[in-house]
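Chain letters run A, B, ... following the sequence lines, proteins first and then strands; every chain starts at 1.
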2 protein chains.
Amino acid sequence: MSETKDRPYHHGDLRRALIDTALAMLAADQNWTFTLREVARRTGVSHAAPYKHFRDKGALLRELARIGFVQLGETIIAAMSSNLPSSRAQFMAAAQACIAFALGNSGLYRLMFSSDADKTIDPQLHDAAMNTFRILLQLLEKGQQDGSFRKVAINAQAAASWAQVHGLAMLAISNQLLEEKVGPAPVPAALDVLLDGLCCQK
Amino acid sequence: MSETKDRPYHHGDLRRALIDTALAMLAADQNWTFTLREVARRTGVSHAAPYKHFRDKGALLRELARIGFVQLGETIIAAMSSNLPSSRAQFMAAAQACIAFALGNSGLYRLMFSSDADKTIDPQLHDAAMNTFRILLQLLEKGQQDGSFRKVAINAQAAASWAQVHGLAMLAISNQLLEEKVGPAPVPAALDVLLDGLCCQK
DNA sequence: CCTCCATGTTTACAGGAGAAACTTATGGGA
DNA sequence: TCCCATAAGTTTCTCCTGTAAACATGGAGG
């Protein structure tokens, strides 16, 4: 049959193909209401095939979220690696990179922090999220050591920072920072409020 | 027929009954994966009846979220109304009340801020959320006037505070504040970090 | 060369969403 | 007073989804 090349019985890397399709759909409509059958259909495969690679739709979503955390981590690290003068500047760059990522991939970002990406039942996802979180911890530690940040319980600072950045990202995604007539650059302004509490010099 | 009293053809206030059932289910399993049919079933009504009151499941969810915002607002106001010495203390009380509400109604709280409660397509929901947000704005304004808070663009402070409190609430809900071995009282500690940036006196 | 077994496919079924058509009370004119 | 328009429920129907089970295929190892 001439279709052998077009569609060999064994796909080769269906798992990856399904992920790519789902990622594309997620990016296209910025939500994850697509059905597993639709993903299979677009990947050109029978509707039951995905079950050989993912226990259920949730497992696929968690894998997407895991990839998202890896990408976010890379994005943040890239933003920090440019030669920046101070820890404060580095923090600002990292936070803004995170928020930019959220804005550019709002569907994926929301999925990453949604209850559909339950980290308590997926160690791999949990680890990926933790690794990204650790970037923040290391930045805070360095900042405390070089005298930029106040020497307070590191976890309180981490919780405050993480909460702040994530909260801003979510507000930014849902347009709440524009609609309410916040100033021209609400994100750095809000981050400055936090950094004023974080940094030694007022 | 003897059933007239048990189940009159017209329910009386089915809309309210559906909301109550859904609210109960939301509280019971802290998620909103229930089906509309299940809600109808438990309310003792045919599966199509809810459509007379809600366009679809989303409409019901948004109404639940709206109620949640009203309740949250009342909770916060109650927490602030106790005689507190300073604006800083009042802010702390309001923030902690918000986080306590989130912990005590994690399903509802997550729904309120999820994409399933889309504020851009539901003016009533949007207004309810805005009203609750306004409590924070007023508190910040008062704090700036009485000299407690720095006189910075009010919206930057509001965005920072809102993001912070909401972020902490989400972290608290998903147990991320305990698992990562944060100190004994991570929430006030993190809020102190923010308040240090907010307040005039360091 | 032949035979497993991972990877696909087909078939089957229990629900769910929602539309349409039908039924029942109820209250506001004629 | 009667009567019917209408709001509020119900029944029925169609399409779709998730998921399980049984079957097919072909590539890699003995």
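- Side-chain atoms of A:Asp13 and A:Arg15, non-hydrogen and from C-beta on, do get closer than 4.5 Å to each other.
- Side-chain atoms of B:Ser148 and B:Ser86 include no donor-acceptor pair closer than 3.5 Å.
- Spacing between atom CZ of A:Arg16 and atom P of C:dT7 amounts to 16 Å, rounded to whole angstrom units.
- Atoms NE2 (A:His47) and P (D:dG18) sit 11 Å apart, rounded to a whole Å.
- Closest contact between the side chain of A:His53 and the listed nucleotides C:dT9, C:dG8, D:dT10 involves C:dG8.
- Between A:Lys57 and A:Asp116, none of the side-chain N atoms (NZ, or NE/NH1/NH2) sits under 4.0 Å from a carboxylate O, so this pair counts as no salt bridge.
- Between A:His166 and A:Tyr109, the gap from one ring centroid to the other is short of 6.0 Å.
- For B:Gln144 and B:Gln157, the side-chain atoms include at least one donor-acceptor pair closer than 3.5 Å.
- Separating the CG atom of B:Leu60 from the P atom of C:dG18 is a distance of 12 Å, rounded to the nearest angstrom.
- Going from atom CD of B:Glu38 over to atom P of C:dG18 covers 16 Å, rounded to whole Å.
- B:Lys57 places its NZ atom 14 Å from the C1' atom of D:dT17, with the value rounded to the nearest Å.
- Listed candidates were D:dG9, D:dA22, C:dG18. Nearest to the side chain of A:Lys52 is D:dA22.
- Environment of CD in A:Glu38: crowded, with over 12 heavy atoms of neighbouring residues, nucleotides or ligands closer than 6.0 Å.
- For the helix from C:dC1-D:dG30 to C:dA30-D:dT1, the terminal axes (five pairs an end, C1' atoms, rotation from four pairs onto the next four) enclose an angle of 10°, given to 10 degrees.
- Of the residues in residues 26-37 of chain B, none has a non-hydrogen atom less than 4.0 angstrom from any atom of DNA chain D.
- Nearest nucleotide to the side chain of B:Ala49, out of C:dA17, D:dG9, C:dG8: D:dG9.
- Residue B:Arg41 places no side-chain N or O under 4.0 Å from the OP1 or OP2 atom of C:dG15.
- The distance between atom CG of A:Leu18 and atom P of D:dG18, rounded to the nearest whole Å, is 13 Å.
- For the residue pair A:Asp146 and A:Ser87, a side-chain donor N or O sits within less than 3.5 Å of a side-chain acceptor on the partner.
- We find that A:Arg88 and A:Asp196 are joined by a salt bridge, their nearest charged nitrogen and carboxylate oxygen being less than 4.0 Å apart.
- Classification of the B:Phe113-B:Trp162 ring pair by plane angle, with boundaries at 30° and 60°, yields tilted.
- Taking atom OH of residue B:Tyr51 and atom P of nucleotide D:dT11, one finds them 16 Å apart after rounding to whole Å.
- Rounded to a whole Å, the CG atom of B:Leu14 is 12 Å from the C1' atom of D:dA7.
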